[in-house]
Amino acid sequence: MTAPRAVKGMNDVLPEDMGRWQRVEQIYARTMSLYGYREVRTPYVESTALFSRAIGEATDVVEKEMYSFLHHEEPLTLRPEGTAGVARAYIEHGVHAKEPVTRWWYGGAMFRAERPQRGRYRQFYQLGAELFGDPGPACDAEMIDMLVQFLRELRIPDLQVLVNTLGGPETRVRYRAALVEFLTPKTASLSAESQRRLTTNPLRILDSKSEQDREAVRGAPTLHDFLGEDDRVHFEAVKKQLDALGTPYSVEDRLVRGLDYYTRTLFEIVGAREKLGAGSTLVGGGRYDFMIAGLGGPQVPAIGYAAGLERLLIASELEIPGNVVDALVAPLAGAITEGLVLARDLRKSGIRCEVDTRGTSLKSQLRRANTLGARVVLILGEDELAQGVVQVKDLDARTQETMARDQAIRIVVDRLMAASRSVDSRPPRETT
Ligand code: AMP
């Protein structure tokens with residue numbers, strides 16, 4: 001019988017990689033609390049209709065990427081993104097009536113049946129946030145700047161911030177008509193996918209990666225020519241505030257992104273292509289002022305984004321200490337019970353330690369200490385037990401001393417604390 005394997009595009013994260021994952025999650029949670037965002041957790045499964053209404057029927061995600069199933073006749077879907085569920089929770093709990101502005105963040109797995117490749121998976125993790133109740137533009141600029149601060153703290157080099165505006169719904173309608181008029185005579189030269197999109201979602205043709213589509217859209221009218229005065233004022237203010245914050249960006253007027261719900265401010269943050277390949281977009285986000293009302297809630301403006309955690313990890317140059325424990329307690333056969341007690345007392349002082357309870361030779365216990373990355377080994381043999389002492393072997397300093405038990409704990413704590421203070425205390429590098 002063949003052994004079971006993980007589902008294609010869905011990956012295990014093994015303990016040796018978890019350290020970096022957890023560090024990124026910690027930095028994110030800290031950034032969020034610095035900006036007044038609180039964490040929200042919504043279910044992994046929602047009704048299928050929520051996603052088709054919130055994201056839009058004619059989007060890639062809803063058309064072909066959702067894991068949907070019937071459970072006792074009820075159409076359900078594994079969440080392909082976070083915004084729809086968070087917006088649903090915001091409406092369902094009447095949050096707008098309790099506070100004028102809401103800042104929420106989330107993290108967790110998302111599911112899309114895409115073709116797996118580097119940086120693109122079928123189960124992947126996103127870190128995101130939504131801000132409800134402020135029509136902007138200051139909060140748009142602050143959100144983009146917050147992301148840049150976060151990505152710099154992750155030591156991600158070569159960041160590029162792309163911003164655009166899609167205007168309001170009327171702008172979209174007028175622009176869509178103009179684009180269809182421009183592209184219709186060129187229908188035959190469009191890719192099959194874009195020919196279909198010409199009637200379903202023509203704006204998506206603008207960010208098609210296909211060469212023939214790129215050629216066809218050359219010279220197309222730009223959305224910026226159709227912006228209403230309010231949209232223009234909003235976008236100018238976002239740019240001015242980004243300038244004031246010293247956040248570098250470039251305006252990318254072909255940026256439309258895949259999800260239907262966006263209005264006005266739209267942004268992407270891109271990392272180095274050499275590292276990330278086709279999946280170089282680290283963060284995508286934008287304003288969605290009409291989604292809450294569209295889902296049957298109040299007319300509340302909103303803006304949000306999501307970052308792909310795996311992509312952040314590919315791009316990040318953060319180094320974290322790889323050791324599993326700080327100390328190994330190595331009791332020889334007759335001293336195992338004393339070893340358990342000594343380790344428990346060390347842990348009370350915050351020292352991460354393992355007891356080697358196998359009762360094997362000192363040589364094999366030292367090998368174990370190396371594997372775990374322990375800096376200190378506390379050796380307990382029959383003689384040490386009889387004399388109430390411990391041998392403290394410092395693998396970094398290459399010393400070995402005999403100490404009274406209590407003195408050993410104090411010294412080990414002091415040494416390890418001093419060492420941990422010097423780990424990764426460098427300031428974040430400027431990357432953009
Ligand atoms: P989106 O929700 O499509 O706007 O995507 C936001 C971010 O999530 C992207 O910029 C990626 O970093 C990440 N992302 C989206 N889809 C995937 C995927 N299939 N695998 C890994 N990361 C993804």
Side-chain angles (χ1 to χ4, degrees), residues 6-13 17 21 24-25 28 42 44 46 50-52 54-56 58-67 77-87 105-130 143-144 147-148 150-151 154 156 158-164 166 201 203-204 207-209 252 255-263 265-273 275-288 291 302-316:
V7 174
K8 188 173 169 205
M10 304 200 179
N11 303 307
D12 301 309
V13 185
D17 298 320
W21 279 66
V24 171
E25 287 166 351
Y28 188 64
T42 63
Y44 279 60
E46 299 271 1
L50 170 67
F51 299 113
S52 39
I55 304 174
T59 56
D60 285 354
V61 171
V62 172
E63 270 181 355
K64 49 189 184 199
E65 295 170 0
M66 297 207 300
Y67 284 97
T77 293
L78 292 181
R79 64 183 189 187
E81 52 99 65
T83 304
V86 171
W105 71 268
Y106 62 87
M110 308 292 160
F111 303 84
R112 293 185 198 172
E114 297 195 77
R115 198 165 53 79
Q117 52 183 290
R118 182 171 171 76
R120 176 163 296 138
Y121 314 103
R122 291 183 170 173
Q123 174 175 326
F124 58 99
Y125 289 76
Q126 285 187 334
L127 298 172
E130 315 294 344
M143 183 175 271
I144 294 169
L147 282 161
V148 171
F150 167 59
L151 298 176
L154 298 185
I156 298 184
D158 306 323
L159 292 175
Q160 253 188 300
V161 179
L162 312 175
V163 296
N164 192 22
L166 291 181
N201 198 350
L203 261 65
R204 290 304 317 277
D207 62 5
S208 162
K209 302 274 181 285
E252 180 62 58
L255 182 68
V256 294
R257 302 197 43 72
L259 315 178
D260 254 5
Y261 49 61
Y262 291 121
T263 48
T265 312
L266 198 64
F267 56 90
E268 271 189 5
I269 305 183
V270 180
R273 274 200 158 264
K275 262 192 174 170
L276 292 150
S280 60
T281 306
L282 300 167
V283 190
R287 187 162 270 293
Y288 53 99
M291 187 210 277
I303 181 166
Y305 64 83
L309 186 41
E310 291 88 347
R311 293 189 192 180
L312 298 180
L313 285 161
I314 294 172
S316 166

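These numbers come from the heavy atoms of this one structure, side chains and all, not from hydrogens, waters or symmetry mates. Just follow the structure's listing: the first ligand is 1, and inside any ligand the first atom is 1.
- In terms of polar-atom proximity, defined here as any N/O pair under 3.5 Å, A306 makes no such contact with ligand 1.
- Taken from CD1 in I55 to CD in E65, the straight-line distance is 9.5 Å, to the nearest 0.5 Å.
- Nearest approach of Q126 to E81, heavy atoms of both residues: OE1-CA, 4.1 Å.
- Between Y305 and F267, the ring planes are tilted. Angles from 30° to 60° get that label.
- For ligand 1 and E114, the ligand atoms under 4.0 Å from any heavy atom of the residue are 16 (N), 17 (C), 18 (C), 19 (N).
- Nearest-heavy-atom check against atom 3 (O) of ligand 1 across M110, E268, R118, R112 picks out R112.
- With values rounded to the nearest 0.5 angstrom, E46 atom CD is found 9.5 Å from T77 atom OG1.
- Summarising the geometry of L312 relative to A307, their closest heavy-atom pair is CD1-CB, 4.1 Å, with the distance given to 0.1 Å.
- In terms of polar-atom proximity, defined here as any N/O pair under 3.5 Å, A307 makes no such contact with ligand 1.
- Counting heavy atoms under 4.0 Å from ligand 1, residue V283 touches it through the backbone alone.
- For ligand 1, the atoms sitting less than 4.0 Å from at least one non-hydrogen atom of R120 are 18 (C), 19 (N), 20 (N), 21 (C), numbered in the order shown with element in parentheses.
- Taking all atoms of both residues into account, the shortest heavy-atom contact from T42 to R79 is O-NH1, 3.3 Å.
- Remark: ligand 1 and E310 share no N or O pair separated by less than 3.5 Å (distance only, no angle test).
- For ligand 1 and T281, the ligand atoms under 4.0 Å from any heavy atom of the residue are 9 (C), 10 (O), 11 (C), 12 (O).
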